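All remarks here apply to the structure that follows.
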Amino acid sequence: MSGGGLLVAGTTSDAGKSVVTAGICRWLVRQGVKVAPFKGQNMSLNSFVTREGAEIGRAQAMQAQAARVEPSALMNPVLLKPGSDRSSQVVLMGRPVGELSARGYHGGRQKTLFEPVVQCLEELRRTYDAVICEGAGSPAEINLRRTDIVNMGIARAARLPVLVVGDIDRGGVFAQFFGTTALLDAEDQKLVAGYLVNKFRGDVTLLEPGLEMLHGLTGRRTFGVLPYTHGLGIDEEDGLRVSLRGSVRESVVASPVGEDVLRVAVCAVPLMSNFTDVDALAAEPGVVVRFVDRPEELTDADLVIVPGTRGTVRALEWLRARGLADALARRAADGRPVLGICGGYQLLGEHIDDEVESRAGAVTGLGLLPVRVRFAREKTLTRPSGQALGQPVEGYEIHHGVAEVLGGEPFLSDGHGHGLDGCRAGSVWGTHWHGSLESDGFRRAFLRVVAAAAGRRFVPAPDTSFAALREEQLDRLGDLIEEHADTDALLRLIEGGAPSGLPFIAPGAPALPGAPDAGTTPGAAQ
């Protein structure tokens with residue numbers, strides 16, 4: 001195989017594209033295929049920093065891990081980080097290049113990004129045996145087709161076969177498959193090779209007559225039916241799900257090692273970013289993690305986390321309006337543990353000067369840490385390492401805020417007495433480092449400190465390996481593809497492209513004037 005490829009599209013958002021893409025990558029690499037993931041444009045507040053200091057979506061970093069390759073900016077050339085309902089920061093090749101409204105992006109800027117996206121995909125295809133691409137939303141969003149660089153636009157430019165994934169658990173999957181195909185123009189339809197049913201519950205033989213009828217209606221086969229599987233924890237694009245919590249509780253009956261459980265409350269701040277930071281805590285036996293938005297929900301928590309956010313000042317206002325700011329202050333006064341991560345760390349400080357993110361200027365913080373924050377126009381994107389609580393720590397930084405620590409003690413150091421990041425003052429900690437809790441030794445040491453401060457007889461499990469749990473999850477995704485998809489047919493699709501002679505399904509989308517490579521009109525193909 002050389003330069004093979006596939007686009008995994010979906011009938012809707014959250015149909016399972018990320019899971020299927022990761023599963024195909026893990027299945028292929030186990031067959032000895034050198035494979036890479038790709039998503040031309042991603043909209044997400046969950047991002048990751050590559051070793052070369054580029055910011056990409058966490059889903060693509062996870063898919064790279066599934067493929068057992070190092071994540072690269074080539075795998076996600078365009079990342080959109082929402083700052084409101086109508087605007088996003090545009091990250092190109094791992095670096096922010098500006099803030100645009102949705103109208104401004106789709107009205108012009110997106111066109112200029114088409115060629116760089118195609119070039120990144122071409123470079124990956126020259127380097128790898130196969131590239132498994134993930135689409136975004138649905139390819140049948142006909143209002144966006146003219147400027148599309150992530151679904152059929154990239155499929156047509158690269159002549160990629162398209163596998164459409166549908167979530168049958170939502171209902172209406174046959175209509176979704178048919179309607180998605182029928183809303184594409186004739187040239188796009190030629191690339192839609194078939195379908196994959198996701199999240200099926202029950203006896204698959206009861207589904208087979210419908211799949212046969214779908215084949216008769218569309219001329220396209222179904223490449224597999226994936227069962228509904230609990231606890232498939234992966235790094236998602238967005239949402240409020242603790243990825244590994246369910247899987248650990250279901251795959252291993254994880255009773256507490258000590259006599260008590262430890263309760264962690266995560267403040268569900270607006271524009272929350274990298275909520276995956278708490279996954280490693282949720283993977284610990286005896287640790288219960290929940291997202292909260294009311295002050296009374298902090299009462300029985302042994303640890304409260306204020307997570308990262310794309311809107312630090314907005315999150316600060318939200319905490320105050322909800323009464324959570326006062327609840328956090330009471331916790332700190334009582335010596336009860338609070339941890340702020342990235343934006344959460346910044347708003348725990350005394351003062352914020354923001355002329356970049358919110359443009360709010362001088363703002364008073366919660367005053368729980370002796371820290372002053374100034375927002376710089378240049379974004380910090382690094383992969384640091386150090387020590388904390390006598391244990392090695394690794395993480396990654398994604399922030400505009402620059403912290404000046406005026407007191408307390410450093411949270412993370414170089415192991416020789418020199419502070420690297422963060423601050424601790426009493427029972428309140430703060431750090432810019434995402435992912436630090438994935439360092440097993442540090443996480444266990446931190447939980448012991450929290451348990452002591454909370455008066456809990458909680459003991460961290462001595463053998464929990466977060467990296468091993470991730471690998472277990474990725475193998476489960478590969479198993480799903482291997483056991484429930486027609487892998488021989490998938491391999492032929494990846495190697496040879498969409499089969500010829502696929503029928504046109506009326507009515508098709510109308511031709512769009514000015515669209516790149518608009519192709520023929522539906523009528524010409526009938």
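Since we're looking at a predicted model, the values are computed, not measured. Quick note: numbers below take in every heavy atom, side chains included, and nothing from hydrogens, waters or symmetry partners.
Remark: E378 CD is loosely packed, at most 12 non-hydrogen atoms of other residues, nucleotides or ligands lying under 6.0 Å away. The environment of CD in E394 is sparse: at most 12 heavy-atom neighbours from other residues, nucleotides or ligands sit within 6.0 Å.
Side chain to side chain, Q89 and K379 meet the donor-acceptor criterion of an N or O pair below 3.5 Å. Using modelled atom types and a 3.5 Å distance limit, the side chains of T11 and Y195 yield no donor-acceptor pair. Residues S18 and E134 have side chains that bring a donor and an acceptor to within less than 3.5 angstrom of each other.
The aromatic rings of W429 and F411 are tilted relative to each other, their planes meeting at an angle between 30° and 60°.
Using a 4.0 Å cut-off between a side-chain N of Lys or Arg and a carboxylate O of Asp or Glu, R290 and E297 do not qualify as a salt bridge. Using a 4.0 Å cut-off between charged side-chain N and carboxylate O, K81 and E357 make no salt bridge. By the 4.0 Å N-to-carboxylate-O rule, K190 lies close enough to E187 to be salt-bridged with it.
Rounding to the nearest 0.5 Å places CG of D14 at 9.5 Å from CG of N198. Between the NE2 atom of H400 and the OG atom of S358 there is a distance of 11.5 Å, given to the nearest 0.5 Å.
Between P82 and R310, the closest heavy-atom pair is O-CG, 3.1 Å. In plain terms, the two heavy atoms of P139 and T180 that are nearest each other are CG-CG2, 3.8 Å.
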List the steps, then state whether side-chain contact (heavy atoms from CB on, under 4.5 Å) holds for L437 with V278.
-> CA-CA 7 Å; L437 292 167; V278 302; 5.7 Å; no
Checklist line | Full working for ring pair (Phe, Tyr, Trp, His ring centres under 6.0 Å) between Y396 and H434 | finding: CA-CA 5 Å; Y396 56 99; H434 294 291; 5.5 Å; yes
